[in-house]
Amino acid sequence: MPKPSYPLFEYLSKINDVSCRHYQLAYDGEWHIDFGSLEEVLAAGAKGVIVVHPNNPTGSYVKVEEGRTIVNLLTAHPSALIVDEVFHSFPIGDADRRAGTFAGTEEILTFTVNGLSKLVALPQMKLAWIVLSGPRDLVKTALERLEIIADTFLSVGAPVQHAVHEILAQQQLFTSRVLERVVNNYDELRRMVGVDSPLTVLRCEGGWSAMVRLPASRSDEAWALHFLEAQGVLTHPGYLFDCDINACLVLSLLPEPEVFSEGVLRIRSAVSA
Ligand SMILES: Cc1ncc(COP(=O)(O)O)c(C=O)c1O
């Protein structure tokens, strides 16, 4: 699984007796997959590779050329590809080099995951899906196994099964409003931080959060506690997402615009002080 990324993957793997190793995402003005580290985990015998497209919290999409390299590597070291696309419908900025959905990838066994949780911000509906694709015999075996697993967890709730048609019919309307919110808040964040600033806004290409690097005079946790206690601003320290960059915070792009700007203003003044 990627590092940094969504923290629950590791816990969820462990309670399912799956041991996990990380490959790195590296930042040099934009995020890249460090393919050396991915090759290492494949050489060590990884059975599956998780890709988050775009990743949480880095907001980085897999690029077209990275997608090709992933498929080639997983063809050479046979391993399943699991692609989490829950934020795929929330792109920020220029889209030219981003890979499209992995659903339908033919060359390798691919599980492409999405659901109502982010698409219409209804995590409590507990409705998600997996699109399975790849070589026919592998897909057939995987489907048989998934059927047992699905049966073991019992059926999807009847209310949401009945409502899903109606919910998905309104999805576009909802997604476009959230997208407008996150795009505007990200632009505002960059505008407010400006260029000659002790803060750096990392490049974000999509999703619901942005990462900001602060002076390394405090740790990410110390900054987050300071903002919370002294400024009343809630941020997430990067270490929660296994982020190795010093003093990096994750900010939600979802708040109302006035609340978001006020939060950034307080962070900016606290750092200058
Ligand atoms: C990348 C990613 N995948 C999955 C989830 C969880 O989705 P669900 O609510 O469908 O379990 C999250 C939640 O934040 C997430 O960030």
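We're numbering straight along the sequence, starting at 1. Both ligands and their constituent atoms are indexed starting at 1 by order of listing. Computed from a prediction, not measured in an experiment: that's the story for all the values here.
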Protein contact to [atom] [nearest heavy atom, distance to 0.1 Å]:
atom: atom 16 (O) of ligand 1; answer: N56 ND2, 2.8 Å
atom: atom 13 (C) of ligand 1; answer: K118 NZ, 2.8 Å
atom: atom 2 (C) of ligand 1; answer: D84 OD2, 3.3 Å
atom: atom 10 (O) of ligand 1; answer: S117 CB, 3.2 Å
atom: atom 6 (C) of ligand 1; answer: Y6 OH, 3.6 Å

Atoms of ligand 1, numbered as shown, that sit under 4.0 Å from any heavy atom of V52:
1 (C)

Per-atom contacts of ligand 1 with V86, taking only distances under 4.0 Å to non-hydrogen atoms:
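Answer for ligand 1: 1 (C), 2 (C), 3 (N).
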
M1 and Y6: side-chain contact (heavy atoms from CB on, under 4.5 Å), yes or no, with the steps?
CA-CA 10 Å; M1 55 189 66; Y6 178 55; over 6 Å; no

Check ion pair [X]-[Y] (N to O, under 4.0 angstrom):
X: E205; Y: R97; value: no
X: E188; Y: R191; value: yes
X: K3; Y: E10; value: no

Does a donor on one side chain and an acceptor on the other come within less than 3.5 Å for T58 and N55?
yes

Here's a test for you: under side chain to side chain contact (heavy atoms under 4.5 Å, CB included), which of I82, V52, I50 qualifies with V113?
I82

